[in-house]
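Residue numbering restarts at 1 for every chain, and letters A, B, ... go by the order of the sequence lines.
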Amino acid sequence: MHPEFEAVIGLEVHCQLATESKIFCSCRARVPAEQSVGEMAVNLNTCPVCAGHPGTLPVLNQKVVEYAIQAGLATHSKINLKNRFARKNYFYPDLPKGYQISQFELPICENGWLNIETDAGQRRIQIQRIHMEEDAGKNVHMAGFSLVNLNRAGVPLIEIVSGPDMKTSEEAGAYLRALYAVVTYLGICDGNLQEGNFRCDANVSVMPKGSTRFGTRAEIKNVNSFRFVEKAIDYEIARQIEVVRSGGRVIQETRTYDSDKDITISMRSKEEAQDYRYFTEPDLIPLEIDEAWVQKIASNLPELPEQKKTRLISDLGLSPYDAGVLTGTKSLAEFFDRVVQILGGSALAKPAANWVTGEVSRLINEAGIEIHQSKIRPEHIADLVRLVHDQVLSSTGAKQVLALVWTSGDAVQVIVDREGLKQVSDVGALDPVIQKVIENNPKQAAEFRAGKDKLLGFFVGQVMKETGGKANPGLLGELVKKKLLG
Amino acid sequence: MPNHSIPFRTIQEVHSAFESQKLSPVELTQEYLAAAKKSQLGAYLTLCDDLALQQARAAESLIQKFGRVPREEYPLLGIPMGIKDNLVMDGVRTTCASKMLENYVAPYTATCVSRLEKAGAVTLGKLNLDEFAMGGSNENSAFGPVRHPTHPDRVPGGSSGGSAASVKADLCFASLGSDTGGSIRLPASYCGVVGLKPTYGRISRLGLVAFASSLDQVGPFAKTVEDAALLMDVMSGHDPQDSTSIPQGRLNSFATTRTAPSWSQLRVGVPKEYFVGGLAPAVERSIQNSLNWFQKQGAELVPISLPHTQYAVSVYYVVAVSEASSNLARYDGIRFGMRPAGSEQAKDLNDFYRKSRSLFGPEVKRRIILGTFALSSGYSEAYFHRACQVRRKIVGDFTEAFTKVDLIIGPVAPTTAFKLGEKSSDPLTMYLNDIFTIPANLAGLPALSVPCGADEEGLPIGLHLMAAPFQEDRLISAAHAFQNGFELGKV
């Protein structure tokens, strides 16, 4: 970033709640596991209520309130025991009623916060509000005409609005990941980014360094990948700084991020902005929440990422970095917990952590899936860690095994036996191979004996090659040296 | 004018005729359907012959099976009824008297209608109204006005004009209407029938096509208070599908009409704001005569004040139109509403909306535009939010008044039915006609109109009774006694 400027970033996250039914009717809100959204017949998951038929009325799904309260409690927010719904009026084909039922003046949660960790250390990001609302349908554009699919209309969302507290895309990314971890730990969101379960609008402005007056902001709409949010923010900061430095003025507008070109593009200016004409939803009575219910929900909250991270550091002696990666998603954290459990405690936790944060994370990130969607099971990692520790497998061999687990899901022992990857630590077995390598390379042997120590690596390498990488490298050095000099 | 061989005044009389086999439900239904087809009033928009006859046959076989009318389970067995065409019935056209919904067929039935059906009622068809229930004369129907049942050059009142006229003209035995600012009581008064607007939340709004959600209530029209009470008993009660319906809402009002009110304990409030100028002399005299009658029975007349009455019309025409602008947004030709010719050639989405939204009639357009303005950024504080504040003052007036009195009695409207076209060019005069009925909607009170006289031309005059929220029994008991005791006559 230009040294004379600083950026101000605030994020609005739309998080789809994992309730069984929609927010105001009994239609399904989630696609069954065996089905994909694409396979679901268009407009079949609708009823007169979510299709907005004349005369229909909303009835609030209690589970939505419970999930919103969980999100509020997990982000240290104040729960408004009296809150109410409002209508947000706008015309769009995917909005069957011509208004969205949302919350405006009195949202269910206010004034929370979330800690984030970046290279610069820990910071606290304010959460201004969390409110409940219904999702719209989806327009499908064809050649010359458009169709509307209302399967998603009425699916419950919470919108989580941060304070304008972040200064860099790194902080924004850290906030998103921390928030994502919270809602997935709670189990209130399925967290499927591709399906738009967790999507983000970013408000970005720049101002001269040290200023207290925010610049004019642009809103980047609907980005559904953490990496893209970071890139969009970086682009937007650079763009705005360039506008200001070249004597222009940033205009208040809504922009969209084009991930192919890695740029943001103007969608509409403030003048074209919608006037939502909010007013209290007369079809729903003000929501009054029993405090005892809130307390009951609070006492049943699961272990949250921050608590889990602290536990991994203090109980297992992991580094804050490893603990951070391991608690970044609920599935990874649960996976790691299970590995440690199989290994019987903290003794091998560190190497286990290295495996999970290293090779395993690399594989799932490259595939863009979560650990539980892969073929790798905690038992696989526990077996690998133990075999490496017992020197039955070299670390290179272990990586090969993991690659085969990834594709086949077969048990580690089966792969080791089948592929013959067992590390050779048997002196009797290695001795003839070493002998042969020395005989084949008399020149190098003589040079080594004359004091050229560096050539030890050459001989070890040759033996490794002969044994197909199965020789125990620690043992091998000693044996080769002994043989050459002895 | 009654087309029927045997005149009946109440549902009980009809049931007696069924039991003595003087009449069968099928015969009665056929008679009503024939009368409805012959009628020139414009009361019906859709007739459900097949459905009605099927229901009548079912009623007939029940009577045969039991050897009597099983009133406990089927209090409305075989009673032919009309339904205002802003209440949906599964598989039947619901137009709201709008071009926009000319071909809309609902996939479900309104709770109030399904409760009538369950009680054995015969649904003859759908009744005309002002478009989307917006109006006080029934001249705003896209399918033509309803005419006054006895004076065809006059309006029947609105917006439930078809519901009132059809009961008076014996085109159905009783009917359903909806009341947002007087739309049941005003036509009841003009046509000389009983019309009741319940407490907000008493009858489920599910299936009532919304005009102004915080004001709308469904209610009955009948010739007698006791029949209206019976309909209330059938329709009232909690509906889990309407969050604004009250939890214990089931009435047992019919029973209260079987015993006389304790007159000496009845305090009748007479608001001074309801008797200041503008009242037609005949109306004023009829109301005064009615009040005298109550006094003669032993009730105490208590002068009261409802100081914020003068703001009621303004508040109403901000709140109602604001909610309407949102409620009617869905009629855009995409999911609901017609697509006018040329809309397929629209340049873009805005152009499409411009074309499709033009199908509304002028009054509906006027209200959508007013409501959009009243809610818009920069104006909502001065209009919508201010109106909501004053609404609370009006509620406060009534809360205060009902600590001193049990009922409030006054006129329903300043005049009797006016001539077709007389006021249609002047919306403001039309709006002021609602001055006495609007406050009950703003405060959510139960209120009814019961005939109390007629003017020199024989045009009916309604007496307006209001009670505190949930006090329908008190309202019904007093109105029933009045209807049976007070001699109707020309002044």
Side-chain angles (χ1 to χ4, degrees), chain A residues 24-26 43 46-62 84-101 104-105 136-137 139 141 144-150 153 270 272-287, chain B residues 86-88 94 96 101 104 106-111 132 201 204-210 212-216 239-246 319 322-323 325-337 344 349-350 352-353 357 371-380 384-385 388:
Chain A
F24 298 125
C25 63
S26 52
N43 285 322
T46 58
C47 71
V49 175
C50 59
H53 270 271
T56 55
L57 297 168
V59 178
L60 179 60
N61 178 351
Q62 186 178 335
R84 58 173 183 240
F85 286 89
R87 288 190 188 173
K88 180 179 179 176
N89 296 285
Y90 65 95
F91 284 94
Y92 205 60
D94 67 6
L95 194 67
K97 297 191 294 295
Y99 57 85
Q100 177 194 34
I101 304 177
F104 187 55
E105 275 168 340
N139 290 346
H141 302 289
F145 63 101
S146 297
L147 299 170
V148 182
N149 184 355
L150 294 179
K270 190 193 174 188
E272 302 163 70
Q274 306 269 6
D275 178 357
Y276 291 122
R277 308 191 306 280
Y278 282 102
F279 71 101
T280 300
E281 166 56 280
D283 288 334
L284 291 165
I285 50 175
L287 183 58
Chain B
N86 62 351
L87 289 162
V88 302
T94 298
C96 293
L101 290 181
Y104 174 69
Y108 72 107
T109 299
T111 302
F132 284 102
S204 170
R205 289 185 297 117
L206 181 80
L208 168 65
V209 179
S213 313
S214 77
L215 301 159
D216 295 339
D239 178 3
Q241 292 187 88
D242 175 0
S243 308
T244 64
S245 87
I246 53 177
V319 172
S322 296
E323 293 183 9
S325 73
S326 173
N327 283 328
L328 271 64
R330 75 193 67 190
Y331 312 113
D332 60 3
I334 292 175
R335 187 68 191 84
F336 302 103
E344 301 294 328
L349 200 52
N350 282 336
F352 178 86
Y353 287 135
R357 301 280 284 174
T372 305
F373 173 75
L375 283 174
S376 59
S377 165
Y379 299 98
S380 62
F384 182 73
H385 292 287
C388 290

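Here the closest heavy-atom approach between residue B/Val209 and residue A/Pro54 is recorded as CG2-CB, 3.9 Å. Minimum interatomic distance between A/Gly98 and B/Ala329 (heavy atoms only, all atoms of both residues): CA-CB, 3.8 Å. Minimum heavy-atom separation, A/Thr56 to B/Arg330: OG1-NH1, 4.2 Å. Pairing each heavy atom of A/Tyr278 with each of B/Leu375, the nearest pair is O-CD2, 4.5 Å. Nearest heavy-atom pair across A/Asp275 and B/Ser377 is OD2-N, 2.7 Å. B/Asp242 and A/Val59 make their closest contact through N-CG2, 4.5 Å (heavy atoms, listed as atom of the first residue, atom of the second, distance).
With a 4.5 angstrom heavy-atom cutoff, B/Leu208 touches chain A only via backbone atoms. For B/Asn86, no part lies near chain A; criterion is any non-hydrogen pair under 4.5 Å. Contact annotation for A/Tyr90: neither backbone nor side-chain heavy atoms come within less than 4.5 Å of a heavy atom of chain B. A/Asp283 touches chain B through backbone and side chain together, each having a heavy atom under 4.5 Å away. Using a 4.5 Å cut-off between heavy atoms, B/Ser214 touches chain A through backbone and side chain atoms alike. With a threshold of 4.5 angstrom between heavy atoms, B/Phe352 does not approach chain A through any atom at all. Only the side chain of B/Ile334 comes within contact range of chain A, with at least one heavy atom under 4.5 Å from a heavy atom of that chain. With a 4.5 Å cut-off on non-hydrogen atoms, B/Thr372 touches chain A through its backbone and its side chain both. With a 4.5 Å cut-off on non-hydrogen atoms, A/Leu150 touches chain B through its side chain but not through its backbone. When heavy atoms are compared at a cutoff of 4.5 Å, A/Pro48 approaches chain B solely by way of its side chain, counted from C-beta outward. For a residue to count as touching a neighbouring chain, one of its non-hydrogen atoms must lie under 4.5 Å from one of that chain's; by this rule B/Arg335 touches chain A with the side chain only. Heavy-atom distances place the side chain of B/Tyr331, and not its backbone, under 4.5 Å from chain A.
Highest contact tally toward chain A, considering only B/Leu101, B/Leu87, B/Asn327, B/Asp332, is held by B/Asn327 [criterion: heavy-atom pairs under 4.5 Å]. Chain A forms more heavy-atom pairs under 4.5 Å with one residue of B/Ala374, B/Ser326, B/Gly207 than with any other, namely B/Ser326. Most heavy-atom pairs under 4.5 Å with chain A, from the set B/Ala210, B/Pro107, B/Cys388: that is B/Pro107.
Between B/Tyr353 and A/Phe91, the ring planes are tilted. Angles from 30° to 60° get that label. Ring orientation note: the planes of A/Phe279 and B/Phe384 are nearly perpendicular, at an angle over 60° on the 30°/60° scale.
Judged by distance alone, the side chain of B/Ser380 and the main-chain N or O of A/Arg277 form no donor-acceptor pair under 3.5 Å.
Side-chain contact between B/Leu349 and A/Pro93 is present, with at least one heavy-atom pair separated by less than 4.5 Å.
How far CG of A/Leu57 is from CG of B/Asp239: 8.0 Å, rounded to the nearest 0.5 Å. Once rounded to the nearest 0.5 Å, the distance linking CG of A/Leu284 with OG of B/Ser243 reads 5.0 Å.
With sequence neighbours excluded, the residues satisfying salt bridge (charged side-chain N to carboxylate O under 4.0 Å, His left out) with A/Glu281 are A/Arg87.
In this structure, A/Tyr276 places its OH atom where more than 12 heavy-atom neighbours from other residues, nucleotides or ligands lie under 6.0 Å away.
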